[in-house]
Amino acid sequence: MRSDAYTLSFPVWVEFGTDVSEGVGPILDSKGWQRPMVVTDPGIIDAGLLDGIERSLESAGIEYVVYDGVEPNPTTAMVEEATELLEAEGCDAIVAVGGGSVLDVGKGASLLATNPGSISDYEVTSGQEVCAGPIDRHTLPLITIPTTAGTGSEVDYWAVITDEDREFKMAIGQPPLSPGGPYLGAEVALVDPALTASLPPRQTAATGFDAFSHALEIHVSAVSPPIVRPFTRHVLGLVPEYLPQAYEGGDPEARKRMLFGSHVAGICENLGGFGAIHSLAEATGGMYPEIPHGEAIAAYTPSVMEYNSQAVPERYAEVAAAMGVEVSGRTDEAAAREAITAVERLIERVDLPSGLRELGVAEDDLPVIARKATETIEIHDNPRAADGEDLLEIARNAY
Ligand SMILES: [Fe+2]
């Protein structure tokens, strides 16, 4: 395929701005899915975010079971537990309600419900051609309902699941490899900004910055086709404008814009690649499951930008312009430096950690993190080649 060619496959039915509590029961009913398993976590239940969804299911006469064992940085054990429950209960669909961790466990269970083996059999490994995954049977129908503006997992073909034995976050993923073919992901995504309204400031900042990093990495990635850039530019402008307002709470318009941005970045994930930011953050999250993904992302972003911008300053000049920085009359290199400064300001503005030390990462672990980062699939998409030594240097700069 020519380097500027692309394939677009988009089987997910999306309703953005829908009232989920109105929609979910009738959608299941219209599809003939009569016994769903709701996958969620205790925080979602405590925040009352399941209430409207349960009412909707009940008024449609749909009996459901709830799996609420998901924790941040979800593991193979959680996917197996959820799969066992849905098999024991004879469920015919999954409704995943939560942040990225919940949606990814929903995806994992939907995969194992219809395909043989364990979740690690479906890992897309480093060196393997990306998206050559062996999912050959349609996954169990999945409805995704995000409650954070960050992951984009409601529409993308990826799940990140930690293999506890290896302390490694596996990338599980597959787009439809032929028209109508099986894929990992939702059949229906219901995206309702009201469900993000009660997210506390710290999680709002971390998940919102994660969405920004998706647009950033996809924008500069070596493997992204040009079609993504109008979309990534939009998200790169939208997050700096609205994340501070969403972080301070209250503003429904800012919440809505942030959810739209994370959602658009999620769509772009199906077209483009990531890079060293996610590579290093996933390697760190595998070893430190208590660190929220978005906080690890924030810690690495400026150092990775510094490293990459030497190879593709023109892309980072575009990032600066998208973020609203005045770049006319500047060289690409100067504009790229402005992009890094603007990102550092955004991180500071929403009180995200400025380095790994602040996150409690041991300095002695940096060599292991750098080595594990070389084993991620994301590193192959980075715009500048980076080996273990380079990644260690980046990690030291991010400390
Ligand atoms: Fe991410």
Side-chain angles (χ1 to χ4, degrees), residues 1 5-14 28 31-37 39 67 74-96 100 102-144 152-163 165-166 168-189 223 266-267 269-274 282 375-378 380-381:
M1 198 185 274
Y6 64 90
T7 302
L8 176 58
S9 62
F10 198 71
V12 186
W13 176 275
V14 177
L28 280 156
K31 289 279 198 178
W33 302 332
Q34 282 303 310
R35 184 148 175 81
M37 179 172 78
V39 175
Y67 173 75
T75 60
T76 53
M78 291 171 207
V79 173
E80 284 162 12
E81 199 176 45
T83 309
E84 278 165 23
L85 179 65
L86 79 82
E87 283 172 353
E89 295 286 341
C91 296
D92 59 2
I94 296 172
V95 180
V102 164
L103 304 187
D104 286 1
V105 169
K107 284 178 179 172
S110 80
L111 165 59
L112 292 189
T114 55
N115 287 269
S118 61
I119 194 74
S120 56
D121 296 337
Y122 298 90
E123 179 182 2
V124 182
T125 52
S126 184
Q128 180 183 343
E129 190 178 335
V130 173
C131 299
I135 302 171
D136 57 19
R137 291 183 204 160
H138 281 282
T139 57
L140 203 67
L142 171 67
I143 298 182
T144 47
S153 188
E154 70 274 9
V155 284
D156 73 35
Y157 301 129
W158 295 97
V160 179
I161 303 293
T162 299
D163 179 337
D165 295 338
R166 287 188 290 152
F168 189 75
K169 290 177 84 167
M170 300 181 292
I172 317 287
Q174 185 173 302
L177 298 174
S178 60
Y183 61 94
L184 185 72
E187 195 153 317
V188 180
V223 300
I267 291 169
E269 284 177 46
N270 293 340
L271 298 168
F274 273 171
E282 302 292 34
E375 294 163 15
T376 63
I377 55 161
E378 291 94 342
H380 299 281
D381 299 347

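What's counted below: heavy atoms across the whole structure, side chains too, no hydrogens, waters or symmetry copies.
Using modelled atom types, no side-chain atom of R35 and backbone atom of G90 make a donor-acceptor pair closer than 3.5 Å. A donor-acceptor pair under 3.5 Å links the side-chain atoms of H138 to the main chain of G180, judged by distance alone. With N115 contributing its side chain and T139 its backbone, the two residues share no donor-acceptor pair below 3.5 Å.
Between P141 and D92, the shortest heavy-atom distance links the atoms CD-O, 3.6 Å. Of all heavy-atom pairs spanning L112 and Y122, the tightest one is CD2-CE1, 4.2 Å. Closest approach of T76 to I119, counting heavy atoms only: CG2-CG2, 3.4 Å. Residues Y67 and E81 approach most closely at OH-OE1, 2.6 Å, considering heavy atoms. Smallest separation of non-hydrogen atoms from V155 and I267: CG2-N, 3.6 Å. The two residues P134 and D121 come nearest to each other via the heavy atoms CG-O, 3.9 Å.
For the atom pair CH2 (W13) and CD (E187), the distance works out to 11.5 Å, reported to the nearest 0.5 Å. Atom CG of D163 sits about 7.5 Å away from atom CD of E123, to the nearest 0.5 Å. S110 contributes atom OG, which lies 5.5 Å from atom CG of L184 (distance to the nearest 0.5 angstrom). With rounding to the nearest 0.5 angstrom, the CZ atom of F168 is 5.5 Å from the CD atom of E375. Atom-to-atom distance recorded for L28:CG and Q34:CD is 8.0 Å, nearest 0.5 angstrom. The structure places OG1 of T162 at 7.5 Å from CE of M170, a figure rounded to the nearest 0.5 Å.
Side-chain contact between K107 and I172: absent, with no pair of heavy atoms (C-beta onward) separated by less than 4.5 Å. For the pair R137/P116, a side-chain contact is recorded, criterion being any heavy-atom separation below 4.5 Å from C-beta on. Between V95 and W33 there is no side-chain heavy-atom pair separated by less than 4.5 Å. Between T75 and M78, some side-chain heavy-atom pair lies under the 4.5 Å cut-off.
Among pairs with a residue in residues 176-185, none fulfils salt bridge (charged side-chain N to carboxylate O under 4.0 Å, His left out), at least two apart in sequence or across chains.
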* To do: Would you check, one step at a time, whether the test side chain to side chain contact (heavy atoms under 4.5 Å, CB included) holds for E282 with I377?
  => CA-CA 10 Å; E282 302 292 34; I377 55 161; over 6 Å; no

